[in-house]
J.: 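Would you mind keeping the following structure in view while I ask a few things?
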Amino acid sequence: MPPPLDPSSPLPADCEAWLDWLANQRRASPLTLKAYRAGLHALLRLADGRPVVELEVQDIRRFVARLHGEGLQGRSIARHLSSWRGLFRWLIRQHGARANPALGVRPPKSPSVLPRVLSPEQANALLDPEAQNMLETRDVAIFELFYSSGLRVSEVASLDIDGGLDLTEGMVTVAGKRNRSRSVPVGSHATTALAAWLAVRSQIARSGERALFVTRSGGRLSAGGIASRLGHRARLLGLGVHVHPHMLRHSFASHLLQSSGDLRAVQELLGHASIRSTQVYTHLDFQHLAKVYDAAHPRARK
């Protein structure tokens, strides 16, 4: 087996062009681009010098089997396959490649892993303590916005001061995956926290900086910076769990579904293109109901 390729090494020009197109035209997130780059490196390693345009369906099936034999889980193989299918679509459209050999090839099944969510009590414990300084004022505004509106971390990081957020109407508009725009409500607690941040933002923001959320030095706060601050707050408050931005998004969806039972509304608020992506929260809701049953039903008690 050839040695693994350095994930930071450059890819062939066609591969780099496709990733550039994803970044600039489809507004793919940095995490998506990183995952797709890893998938393309895996494809080149498995092809072992063969041009990718010469690969056939049986080659892709063999590659999937090899990755599984190397210990890669089904979800990771599925991400690789997604990157391969996207690359071949690009090569067909831009360079006249004859077929997409990754179409129809399925990854091995993985055991389903439900997203972890905070309980409503844990969410309150995270969000209720008052900010003690300017940066905490910013952080509380960010975390309230996550939990209030179910945004992705990339969507929060990309918000600008002069667009997207309307506190008067209590709405925020973001450009999500594949540049799909959606508007979602902002709750009263988040509105109050955001107003408090906007009142002090100019004290640290650089002149001309458009970012809604800025760092101590006045530039745009990155997605990684947001995740770091959220983890720090959870540890400081002794929550006892590792809290990351997507956990707040999961918590928003799970708690909203428990209260409303409206799966389609949750789908729209999350910006999911397919209802199948949202249905995972019905399993979480069932787990919640099962716990209530076990605790309350007289015939469920041991």
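Bear in mind the structure is a predicted one, so any value in this text is a computation, not a measurement.
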J.: Could you go through the side-chain hydrogen bond (donor to acceptor under 3.5 Å, both in side chains) check for S29 and T32 one step at a time?
T.: CA-CA 5 Å; S29 72; T32 296; 3.0 Å; yes

J.: Does either side chain, that of H189 or that of Y147, offer a donor lying less than 3.5 Å from an acceptor on the other one?
T.: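 No, Y147 and H189 have no side-chain donor paired with an acceptor closer than 3.5 Å.
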
J.: Hey, are the side chains of E209 and R220 touching, using non-hydrogen atoms and a 4.5 Å cut-off?
T.: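 The answer is yes, as the side chains (C-beta and beyond) meet within the 4.5 Å cut-off.
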
J.: Can you see which heavy atom on R233 is nearest to which on P129, and at what distance?
T.: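 Shortest heavy-atom separation between R233 and P129 comes out as NH2-O, 3.0 Å.
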
J.: Please report whether the ring centroid of F63 lies less than 6.0 Å from that of H80.
T.: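 No, the ring of H80 stays outside the 6.0 Å limit from the ring of F63, centre to centre.
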
J.: So do I204 and R216 actually touch side chain to side chain, heavy atoms under 4.5 Å?
T.: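 Side-chain contact under 4.5 Å: no.
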
J.: Is it true that, when you exclude R50 itself, more than 12 heavy atoms of the residues, nucleotides or ligands shown sit nearer than 6.0 Å to its CZ?
T.: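 Yes - once you tally the heavy atoms of other residues, nucleotides and ligands closer than 6.0 Å, there are more than 12.
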
J.: Please determine whether the number of non-hydrogen atoms from other residues, nucleotides or ligands lying under 6.0 Å from atom NE2 of H68 exceeds 12.
T.: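 Atom NE2 in H68 is not crowded, with 12 or fewer foreign heavy atoms closer than 6.0 Å.
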
J.: Will you find, in the side chains of Q267 and R264, an N or O donor that is under 3.5 Å from an N or O acceptor?
T.: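 Result is yes, a qualifying pair exists.
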
J.: List the atom of L221, the atom of I142, and the distance in Å for their closest heavy-atom pair.
T.: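 That would be CD2-CD1, 3.6 Å.
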
J.: Can you see which heavy atom on A193 is nearest to which on E144, and at what distance?
T.: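 That closest heavy-atom pairing would be CB-CG, 4.0 Å.
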
J.: Nearest heavy-atom pair of S83 and W18: which atoms, and what distance?
T.: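 Of all heavy-atom pairs spanning S83 and W18, the closest is O-CH2, 3.3 Å.
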
J.: Between E16 and R37, is there a side-chain N and carboxylate O pair less than 4.0 Å apart?
T.: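 Counted as a salt bridge, because a side-chain N and a carboxylate O are separated by less than 4.0 Å.
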
J.: Side-chain contact, heavy-atom cut-off 4.5 Å: R201 with R138?
T.: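 No; the side chains remain at least 4.5 Å from each other.
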
J.: Check whether W21 forms a cation-pi arrangement with R93 (NZ or CZ under 6.0 Å from the six-membered ring centre, at most 45° off the ring normal).
T.: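 Checked: cation-pi criterion met.
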
